[in-house]
Trainee: 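Handing you this structure, nothing more for now.
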Amino acid sequence: MPSFISNFKERLRLPRLFFRKPSRAEQIHGGPPLEFERPIPPVPWRGMTVVVVLVVVAATTAWELYVRSIGYGPTLNDGEDLWTLRRRSVTPESVVVIGDSRGWYDVDLNEMEKGLGKRPVQLAMGGGCGYPVLADLANDKTFHGTIICSIVPRLFFAPPGTPPMERGEKVVKRFHNQTPAQRASEYLAMPLEEQVAFLKQEELTLDDLLKRLPIPNRPGALVPPRLPPYFGTIDRERRARMIEECARPGSELAKRIQQIWIPLFTPPPPPTYISKEQFMAKIGEAIGGRFRDTAAAIEKIRARGGKIVFVRFPHSGGLKELEDRDTPRQKTWDPFLKMTGAPGIYYSDFPELSGFNCPEWSHLSAGDSVEFSKRLVPHLRAALKM
Amino acid sequence: MTLGLFEKIVLADTMLSGSADRVFDYAGPLVALDSWAGVIAFAGQIFFDFAGYSTCAIGAALTLGFHLKDNFRFPYAAIGFSDFWRRWHISLSTFLRDYLYIPLGGNQVRPFRAALNLVIVMFLGGLWHGAAWTFVVWGLLHGSYLVIERVCRILFEDKAWANNLATRVLAGVATYAAVCIAWVYFRASDFTIASRMLAGMFGQHAHGDAILSTREMLQVALVTIGMISVHCSLRDSNIEIAVARLPRWVVTAAWALMACAIILTQGASNAFIYFQF
């Protein structure tokens, strides 16, 4: 087959360095002569490259304009690397917020800093279980600061191998094993994500767009429920804020999210390969284990002079009804505090914390989160004996 | 390099890995449809992952003036297992041939010893992937496939029907199915999972669970059909010839489409599967 290399070189007008053949001297002193040459197809590469670049730039711009027109805005992706960035900022005396998305959306860092004297490090995460982070802080022998841990029973007591636990374990693993490339990638990605709206992982990736296709499933198929659409922004401190469209009372977006929480918080049916009794016994065992492991982690932190307080953040509407029915306080929160011996703040115990309405049933609006945090601070100070 | 990234990021990680992971990570019995879909997804995933990586390496090397040989030549269009190993992971199979099979005597020895050589080579090829018994079984399966193929060749090579189109198609389908069955041992982390998967694939779990969404199964089916079609149409050719022969607007459109899909997928891809070996 004829070689098209010289043709390719001519068309691209690349420096001779890249495509020249080795000289006789190089063949002797620099290794064996070239034995194999890949044929380069004789097509007008330069012209095609220009067309491809123009098409890609036009398509990307059109996509960016479109997603902005339907309500998306630029925000950072809450990936493991951003979490790791914040985790690295934890000092031995830090105030750290851990747990699920309620501790993430409902805590205002400015108000906390004003009230507690230190700016908290935000390590809570959407759909995540706080236990792996708590255990990691307990195993960090230098840490003797303060932990504010949000509790949503279905997430905090999630058994090993479930998505909330995996989410928590993943971030901790990334913190300990982050490569320089991953770290550099995060620093490069942040300025881009702050400007470009379509760079939204878990929302606008090809995979997520395919997941939205309205294709019915087989009856009885054990398909995971959908996750809620974009409803918040985060900054470099991982402060999450609900977007205005979701915070507006009665908005379509809020209503859509409300209907997504229900299947997401409904316990899945027991798998077919194990009896219901065995399954429930296993779940009970896992929850008991989590109680014991949490108590042990708290013991370690306290032994070093650290403090912890658990907080149940507001939730409302149908989701509150569901959580109160499936994970009642008497079976989760009360025995958990009793066993761990840690202080806890249940929002409904205090009138000043109870009057908040969650637009999409699970989180406070950005405005309410500031007011809620302001009112929460005295309770935190009392619980932590500050 | 665009093609390599597209294979890895879009086809392997976005279109196939989710289904393969869900099926192989599921702790219970699965119905045949889901079991086969998971295995076929993995067959596609590992090809696109490794071939994508190899294509990226070829492209990166070429920009620096180094000419690397192909590592894959449309392996899922292979007719027979010796043909498969001439097309799959060519750098490894060539190494095994030159430094193990031929020094052991290759096929220039008695038939039994030649068969044993094949099994030894594939056994070591399996172990090369990792110190796990599942890789050993994967290697031994491929060794057995090669021995069976050799026996079939000896018995039927002279028959008139052995080389007609229907036989070749049938042999191609049988090769693909057998390779997929071997992938079960390659992907499963232990024999319990492998046995459960095979039981599901061969209809032992009629009342098992269905865990894949219709969308996931469609993705697996479409990508696999597309992959096998391309492999079959290019099995005696190569990508350079295809690019040279296709209309330029088709090549440009495909290139732009792949680049857009890579951007749309965003940067959340997994590490290359072969980095663990």
Side-chain angles (χ1 to χ4, degrees), chain A residues 1 4-5 8 14 17-22 34-44 47-49 51-56 58-60 63 77 79 161 185 189 198-202 204-224 271-274, chain B residues 2 9-10 13-15 18 22 25-29 31 33-34 58 61-70 196 205 207-219 238-246 248-249 251-253 255-268:
Chain A
M1 176 174 294
F4 301 110
I5 288 175
F8 180 48
L14 287 172
L17 172 70
F18 287 101
F19 288 98
R20 71 187 168 84
K21 285 189 174 175
L34 211 55
E35 290 176 345
F36 169 75
E37 287 184 6
R38 294 197 72 85
I40 306 293
V43 292
M48 282 165 57
T49 307
V51 173
V52 167
V53 169
L54 288 176
V55 169
V56 170
T60 309
W63 179 237
N77 284 311
S185 172
F198 79 79
L199 290 177
K200 206 161 267 78
Q201 284 166 22
E202 299 176 3
L204 291 176
T205 63
L206 180 62
D207 191 34
D208 293 302
L209 296 171
L210 289 169
K211 279 179 188 163
R212 288 195 210 167
L213 293 174
I215 302 173
N217 290 313
R218 291 166 289 174
L222 304 173
V223 177
T272 55
Y273 54 89
I274 185 171
Chain B
T2 311
I9 295 171
V10 180
D13 290 352
T14 302
M15 304 296 277
R22 283 194 65 211
D25 293 347
Y26 190 67
V31 292
L33 184 61
D34 291 57
I58 288 168
L62 203 54
T63 60
L64 299 171
F66 297 99
H67 294 245
L68 302 183
K69 290 183 178 177
D70 287 335
R196 195 169 56 226
H205 300 146
H207 300 292
D209 295 327
I211 60 164
L212 293 181
S213 64
T214 310
R215 191 248 331 153
E216 285 171 310
M217 287 193 295
L218 281 175
Q219 272 177 219
N238 61 45
I239 195 79
E240 285 89 352
I241 292 174
V243 168
R245 285 184 183 167
L246 280 169
R248 282 163 195 178
W249 70 266
V251 177
T252 311
W255 188 1
L257 203 67
M258 287 191 291
C260 288
I262 291 167
I263 291 171
L264 195 58
T265 305
Q266 303 184 27

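Proteins get letters first, then strands, A, B, ... in listed order; numbering begins at 1 in each.
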Trainee: Quick check on the interface: out of B/H205, B/H207, B/M217, who has the most heavy-atom pairs with chain A under 4.5 Å?
Mentor: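 Among B/H205, B/H207, B/M217, the one with the most close pairs to chain A is B/M217.
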
Trainee: If you take all heavy atoms of A/V43 and B/A244, which pair is closest and at what distance?
Mentor: CG1-CA, 4.5 Å

Trainee: Among B/D209, B/I58, B/T252, B/V243, which residue has the highest count of heavy-atom pairs closer than 4.5 Å to chain A?
Mentor: B/D209

Trainee: Rounded to the nearest 0.5 Å, how far apart are CZ of A/R38 and NE2 of B/H67?
Mentor: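 Those atoms lie 9.0 Å apart.
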
Trainee: If we only count heavy atoms from C-beta on, is the A/D207 to B/T265 side-chain gap below 4.5 Å?
Mentor: no

Trainee: What are the two closest non-hydrogen atoms of A/P216 and B/T214, and how far apart are they?
Mentor: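 Between these two residues, the closest heavy atoms are O-OG1, 2.7 Å.
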
Trainee: Please examine the side chains of B/T2 and A/V52, heavy atoms only from C-beta on, and report whether any two atoms are closer than 4.5 Å.
Mentor: no

Trainee: Do you know which two heavy atoms are closest between A/P39 and B/E240, and how far apart they sit?
Mentor: O-CG, 3.0 Å

Trainee: Can you tell if the side chain of B/I263 reaches within under 4.5 Å of the side chain of A/F198, non-hydrogen atoms only?
Mentor: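 Touching, per the 4.5 Å side-chain cut-off.
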
Trainee: Can you tell me which portion of B/R245 sits under 4.5 Å from chain A's heavy atoms? Options are side chain, backbone, both or neither.
Mentor: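 Neither part.
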
Trainee: To check you understand the geometry: which heavy-atom pair defines the closest contact between A/V55 and B/A256, and what is its length?
Mentor: CG1-CB, 3.8 Å

Trainee: Report which part of A/A221 has an atom under 4.5 Å of a heavy atom belonging to chain B: side chain, backbone, both, or neither.
Mentor: both

Trainee: Does any heavy atom of chain A fall under 4.5 Å from the side chain of B/L33, the backbone, both, or neither of them?
Mentor: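 B/L33 touches chain A through side-chain heavy atoms alone.
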
Trainee: Tell me, side chain or backbone of A/I274 under 4.5 Å from chain B's heavy atoms, or both, or neither?
Mentor: neither

Trainee: So how far is it from B/I211 CD1 to A/L222 CG, rounded to the nearest 0.5 Å?
Mentor: 8.0 Å

Trainee: Among B/A242, B/G208, B/A259, B/A27, who wins on heavy-atom pairs under 4.5 Å with chain A?
Mentor: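 Heavy-atom pair counts peak at B/A27.
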
Trainee: At their closest point, which heavy atom of A/L210 faces which heavy atom of B/R215, and how far apart are they?
Mentor: O-CD, 3.3 Å

Trainee: Just so I understand: if I count every heavy-atom pair under 4.5 Å between each of A/V51, A/L199, A/L213 and chain B, which residue has the most?
Mentor: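 Counting heavy-atom pairs under 4.5 Å, the top option is A/L199.
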
Trainee: Among the options B/P29, B/G18, B/A253, B/A261, pick out the one with the most heavy-atom pairs lying under 4.5 Å from chain A.
Mentor: B/P29

Trainee: Is there a side-chain contact between A/V223 and B/E216 in this structure, where contact means two heavy atoms from C-beta onward sitting under 4.5 Å apart?
Mentor: no

Trainee: Which residues satisfy the side-chain hydrogen bond (donor to acceptor under 3.5 Å, both in side chains) test with A/W63, sequence neighbours excluded?
Mentor: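 Counting only residues at least two positions away or on another chain, A/W63 forms no side-chain hydrogen bond (donor to acceptor under 3.5 Å, both in side chains).
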
Trainee: Apply side chain to side chain contact (heavy atoms under 4.5 Å, CB included) to A/A189 and list each qualifying residue two or more places apart in sequence or on a separate chain.
Mentor: A/E193

Trainee: Pick from B/V31, B/D25, B/L218, B/D70: which one has the most heavy-atom pairs with chain A under 4.5 Å?
Mentor: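 Most heavy-atom pairs under 4.5 Å with chain A: B/D70.
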
Trainee: Measuring from atom CG of A/D208 to atom OG1 of B/T14, what distance do you get when rounded to the nearest 0.5 angstrom?
Mentor: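 Spacing of CG (A/D208) from OG1 (B/T14) equals 9.5 Å.
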
Trainee: Return the minimal non-hydrogen interatomic distance between B/D34 and A/R218, and the atom names on each side.
Mentor: OD1-NH1, 2.7 Å

